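Bear in mind the structure is a predicted one, so any value in this text is a computation, not a measurement. In the text below, chain A, chain B and the rest are named by the order of the sequence lines, each starting its count at 1.
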Amino acid sequence: MLTVSRLTKRFGGFTALNEVSFEVKEGEILGLIGPNGSGKTTCFNCVSGVLAPTAGTIRFLGDDIAGLTPDRICHRGLTRTFQIPRPFRKLSIADNVAVAAHYGATERTSEAEARRRALQVLDLVGLPTDSAALPTQLGAGGLKKLELARALATGPKLLLADESLGGLDPGEMASAADMLRRVRGELGITIVWVEHIMATLMRVVDRVVVLDHGEKIAEGRPRDVAEDPRVIEAYLGEKIVLE
Amino acid sequence: MSATPGRIAFATVVAFLGIAPFLPMAGMKQYMLHVVIQIFIWTFIGQAWSLMGRFGLVSLGHGAFLGIGAYATTLLWNFYGLTPWIGSLVAVALAVVMAFLVAYPCSRFGIIGHYFALTTLAVGEVVRLLIIAERDWTGGSLGVTLKAAGDASFIALQYADKQVWYYVGLVLWLAGLWVWARLDRSMARAAMEAIGEDETAAASVGIRVTRFKLWLTVLSAALTALGGVAYAQYITYVNPETLSGIGVSLRIVFAVVLGGMYSLLGPTVGTALTIALSEWLRIVFGVKFIGMAETIYGLLLVIFIIFLPAGIYGSLADLVRRRRRPAAAPATA
Amino acid sequence: MIDPIFLLEAAVNGIMLGGVLALLALGLNLIFGVLDVVWIAYVDLVMVSMYAVYFTVMVYGWPLWLGGLAGVALGVVLGLLVHVLIITPILDSPPVNQLLATGGLLFFIQSFATFLWTTDHRSVRIALPPLEIAGIFVSYARLISFVLSIAVMIGLYLFLTRTYIGTAMRAVSQDRGAMALMGANPQRVYLVTSAVGGAMAGVAAVLLSIQYSVHPYFGAAFGPITFMICVLGGLGNMVGAFVASFIMSEIIAIGGVVWSTEMGYVIAFALFIVMMFVRPGGIFARRQ
Amino acid sequence: MLELRNVTAGYGAFTALWDVTLAVERGEAVAVVGPNGAGKTTLLRVISGVIAPRGGDFVFEDAPLGGRPAHEIVAHGIAHVPEGRRLFPALTVTENLKMGAFLRSARKDFRDSLERVYALFPVLAERHRQRAGSLSGGEQQMLAVGRALMSRPRLILFDEPSMGLAPVMVLRLFDLIRRVREEGYTILIVEQNVRQVLKLVDRAYLLEVGRVKMHGRAAELSEQDFVRKAYVGL
Amino acid sequence: GRDAGAQGQTIKIGVLFDHSGPFAAAGSLNVWRGAKMMIDLTNEKGGVLGKYKIVQVDGDSQSKTEAAINEAERLLNVEKVDILAGVYSSAHAVPLAEKVDKQKKFLWITTAIADAVFKDRNLQYAFRPQTNSGLFGEASVQYVASHSSAKLKRAVKELRVAIIYEDGPYGAGVASSNESEAKKQGMQITLKEGYSAQAPDLSSLVTKLRAARPDVLFHTGYNPDIALFLRQAKEQGLRVKAYIGHGAGHSQLNKLKEAFGNDIEAFHTVDPPAAQLVDAKKLKTGLGALTNEMVKRYKTFEPAMARDAIAPHVSMGFNNMHVLLNDVLPRAIQKHGGFGPDALAKAARETDIPEGGTMQGYGVKFHPPGHAMAGQNMRAFAAVFQVQEGTFKHVFPEVIATGAPILPLPASSPWAAR
Ligand SMILES: Nc1ncnc2c1ncn2[C@@H]1O[C@H](COP(=O)(O)OP(=O)(O)OP(=O)(O)O)[C@@H](O)[C@H]1O
Ligand SMILES: Nc1ncnc2c1ncn2[C@@H]1O[C@H](COP(=O)(O)OP(=O)(O)OP(=O)(O)O)[C@@H](O)[C@H]1O
Ligand SMILES: [Mg+2]
Ligand SMILES: [Mg+2]
């Protein structure tokens, strides 16, 4: 569904991504992990159109989308969340989601329909559906959920989730992981997921891609990757046990 | 569900509409009429400006559109005898082209905030300087007078009778209110708010940032140009100083912000107040204390903006709202 | 068509004019950069300080250097006053409000100056001889302000990058709350900024006094161009503003000789617009 | 060293903390845990002076600090690593660290502190001229911790410092906090990574909907069935 | 105010000038003072025809066109003045004349000189006893031409002249008549250029002028720009044989002196004659005494000013108001039955004051309706003044000359060509 090949991104003299290639298959949850600064967010930025890649191609559903603007890419069915939440602070929580539902959908929905969808999504991620509350009243966890809700409201085929669980308490985390699974299962949305919380991530994803210093160092099933010595050294720090 | 600010505003407008058509007949003084007409026209222009301003697209160059509107119709009439009814279409078209030229690169390259304000300020200055430099056509800083077409002419849209202009102004004002309200109630408002806050995030949820900003700028510019046409036809004289450049641009912004750009009646209240205030102060002080009238005017502007940050109307509306629903005031962390 | 020596002279004059503009732009840009507020009335504060120089020197007969000091001192006081009375209450308001509050101040200063001192033009009369080098005439007064503005700019640069309070001035503009967590009182940092900005206005006033007569509408002549220089150089970017001053002044000077004074400005402003599109963050901004 | 008695605080009409009583002894490490929205961040904000408490007493080293502004509280020796890092994005890494040492008392040791921070986080030394805003999320977190250390505080407040860090970095971070602790700093830490943090600290408080639900020695607390299920379980 | 008994006995005159803004100091205030002095004087004598008291209602145009228009509206429609008089700036006069005429109200322009105010507009109710800008530009060029070969040692056809002006209607108007007259005389125009009165820098203009090497420089400007220009010209070594200014800023002698001291010796300005400089013997009897009255009264405003240094603007206000109050108004009342706009306009059209009939020396007769300049005084002329020993002297035309011209600029002048 998404094919990234030889993706390179430079900032001035610094190479944040160096010829990274990977593929996302329809219906899977792909984990994208790597140490801090390894280029995960940069990769999301390039794929979602926030940054123009320096080189390489990005094919989504058969078309090359490298260099398109984020809104175009969104309309094709690819959305992302932001690692550091970027809510629209002046809009109510419900409007944050409704506006995404209205303008982000591949096919333009009516405003009333968009609002209805927004409520469904809010319900799905577990945010209050009280329409007047502002995002400023949300804590760190709430903001993460709002990010996710906004992305889901656009009705994507592929979701790039950047640290959606960071900052959630263990209880919330469990339910959020569960929710991601449901998103894939019930809504049929393919997911690329960046997360540092291995215990959760490794149990949910089908495959993992590991970046380090802008290069892909490993790819495969979670169990195999978790045992890869390069990954342990660069990223995990210790051997983790996946039950 | 009784007295929300929206309802109060609506009721006020309706009440005013009830009496508005009869006001001039009650023997309103010519001078009063003159002031009220100006309030109508400048409010319309202010409303046009606030369409952009309230979403963080603070333009300090609306004088450019105003000038284009006013000069285009005037020159077309003077040189080619083209009726302002068609001339104003040309004027609007020109303003739209100009708006496009400014807005496209601005939104494409993400020029926002102070940069947008000051870029548009430069645009306004360039238009003013060009009007002056092209003095063979435009009369330079001397300005041009509309070629007279008798006391009342529909073709030339010239009426010596101020009552006619009163109704024209009233219609314009209502049209401005309508456009404002239309936009305010649509989802487009939410989209624009989103863009105003965070363009990247807005684009990432599928909002067409460039297109939205273009569309809004073009709409605002077109209406402003129309306002310029109306003003020129009423005053029958255009000059670069009153219709272009920084001075007039700031004056528009002032009026709107003073009234409150986030509310329906804000621009009206602000424009009426600034015009009435400056007229009143000038009359009170006359030539007794030179400079005092403007001093007080400036001082009042500063004080209003400091103590009523949401504008006069906006702050009042907030007050009503807060009384009704003592909600959590957003804390600054 | 025009003798190259005159073009050269125009270029030299452009550099000198740039010195004047740089001086104005630096102070404004400092405040821009730190407080994130556009002091629309900045050049009008300069005007008030120029009156101080005029009155002390011409009316009370102080020596120029003492009058100059008085001008700078008044600049500092005005900067502080503007900050405490106008900016502090609206620090959290939307930018347009801040823009307009100082815009109202502009009306106020202009008219109050008219009220106090009438619209007469007043000049500090000092006789500086013309300076001729190889057929090129250079104005002494401008040479002085050019040299001084470079000195002030270097001083400012060192202040902003080397000292704690200078760095804090840049930091506080980005996150006021976080700066408080560093143990800095943001209010105090703002006050220092406004005082330094005011002092810059004072220095500019002194140097302008020996070149121009002062009147209540003095600000209108220098205001717009000063803003544009700040933006062209990148808001808050000191070096950028400095270079932008010279770019603008060269265009005005050379454009003025080759075409006309007016066209010089049109070209400068047009270039400004084009540059905004090419380099929205100012000439020295890193494209992201 | 730090003592809060019946502190109440909130935002506008909303009350986020009710009657919180809490104490931290010199040299101790104390954790505050609890679900999202429990008021943990609010608690730290009250201590560092970002928001003023509505009621109750707040004493640090015998000085009553309740309601003092943030910059004064820092001068008393409390540093705060805030939630969401709050770096100065346009300043370089070094300049951010310099601002950490803004206090007059910290300036004279600037060089020394800088070296220590760079030793702890070599990445920061590598990127010392890069603008903080363009650092990766994890790098930013390191910088935020480093910056707080620069003021040479006696009490450090950490608000979810491990958020967004790679596992290897989380290990190092807890390691680092342990070392910081051993150097004699007193630590109050808010964390979601309950399992790790309970290994690190002496005592812990469990906060729920603005109230202290439970507190005790870390080891005892992690034994509690209830805590175990909700927060350590994963 | 009016008291009930004297209802019909008062005439309300709206006096519209710039009391604030840049025009105030450039002459507007001085004209207002002149006008006010004349109104006061008339009232002290019992009013027009000894019984109609004048009520003066002031308006402040603030040097802004829209303020001028609003003030005019207010004076005409709220204050209900019978006559609107004044208007300093041509930029204001152009739209005002049209608007007031449309409302069929009487407008008496004392100062603004641009041709454009009347040209091809066939106004019925607007009149201007004052010279028009065309005459300004012509007077100065003719003056230079008449002394070219004798004093400047150049044949007229070889004389190199440059024309610079502020680009407003005033400067542009004078400059274009400078140009056409210079062409007519066959002079070589090496440069003609406008600039904005608010330009912060004129050094490139100076450089261009130096490249153009003119013998004579014609300049029209307000005040700050003149000071700036002269200062930069001095520092950048611009040297000419003669420097001729045209009214406005160039006529404010004390302001120029404040900035340049005695360096301005032998400078010129062009303006309607200043009454106090005109030889009273050449005028109708009695006018000399009136001039003395003006000078005496002006002392209350500027006690220290020398008689000859008083700006011609004072005379414009004083004299033109005199014509209105002592010629037009009495005739309107006596012959046309009142002081309504129509009576006033009729009376104005009948005005026929011969040369030497006003304190400023010129006569008054207005171009009739249908004429390209209908409403303009066809007998007005402009005088060339020169600064001699610190005060103004008339040097042109010969009839009113009170001093011999000093040409070329004396070597002591920093702008003098060697
Ligand atoms: N705009 C930019 N300019 C310069 N360097 C940048 C920019 N954006 C990112 N970088 C650098 O690129 C590298 C990769 O950053 P990125 O944000 O993609 O990391 P990441 O893998 O998401 O890390 P984390 O897990 O910490 O979020 C980092 O070293 C960062 O400093
Ligand atoms: N600025 C604010 N304005 C209004 N309410 C706020 C604000 N900040 C926090 N709150 C509210 O206060 C309560 C406590 O928030 P706080 O941030 O202290 O929780 P937390 O325990 O730190 O949560 P998290 O684990 O998500 O960081 C929450 O219900 C939140 O909605
Ligand atoms: Mg990242
Ligand atoms: Mg928190």
How many angstroms lie between atom CG of C/Leu24 and atom CD1 of C/Ile229, to the nearest 0.5 angstrom?
8.0 Å
Can you tell which part of B/Leu258 gets under 4.5 Å to a heavy atom of chain C, answering side chain, backbone, both or neither?
neither
Angle between ring planes, C/Tyr51 versus C/Phe55, binned at 30° and 60°: parallel, tilted or perpendicular?
parallel
Where does the angle between the aromatic ring planes of C/Phe227 and C/Phe32 fall among parallel (under 30°), tilted (30 to 60°) and perpendicular (over 60°)?
tilted
What is the ring orientation for B/Phe65 with B/His62, classed by angle as parallel under 30°, tilted 30 to 60°, or perpendicular over 60°?
perpendicular
Find out whether the Lys NZ or Arg CZ of B/Arg54 is both under 6.0 angstrom from the six-membered ring centre of B/Trp49 and within 45° of the ring's axis.
no
What part of B/Tyr297 is in contact with chain C, defined as an atom under 4.5 angstrom from a non-hydrogen atom: side chain, backbone, both or neither?
side chain
So if I take each residue of residues 299-308 of chain B and look for any heavy atom under 4.5 Å from a heavy atom in chain C, which residues do I end up with?
B/Leu299, B/Leu301, B/Val302, B/Ile305, B/Ile306
Would you name the heavy atoms of B/Tyr262 and B/Trp180 that are closest together and state the gap between them?
O-CH2, 3.5 Å
C/Met200 side chain reached by C/Tyr42 side chain, heavy atoms, under 4.5 Å:
yes
Between C/Leu99, C/Ile86, C/Leu105, C/Ile109, which has the largest tally of heavy atom pairs under 4.5 Å with chain B?
C/Ile86
Does a side chain donor of either C/Arg176 or C/Tyr190 reach within less than 3.5 Å of an acceptor in the other side chain?
yes
Value for OG1 (B/Thr210) from CD (B/Glu199), rounded to nearest 0.5 Å, stands at 8.0 Å
Note: vs chain B, highest number of non-hydrogen pairs under 4.5 angstrom among C/Gly104, C/Ala268, C/Pro89 is C/Gly104
What part of C/Leu100 is in contact with chain B, defined as an atom under 4.5 angstrom from a non-hydrogen atom: side chain, backbone, both or neither?
both
Name the region of B/Val58, side chain, backbone, both or neither, that has any atom closer than 4.5 Å to a heavy atom of chain C.
side chain
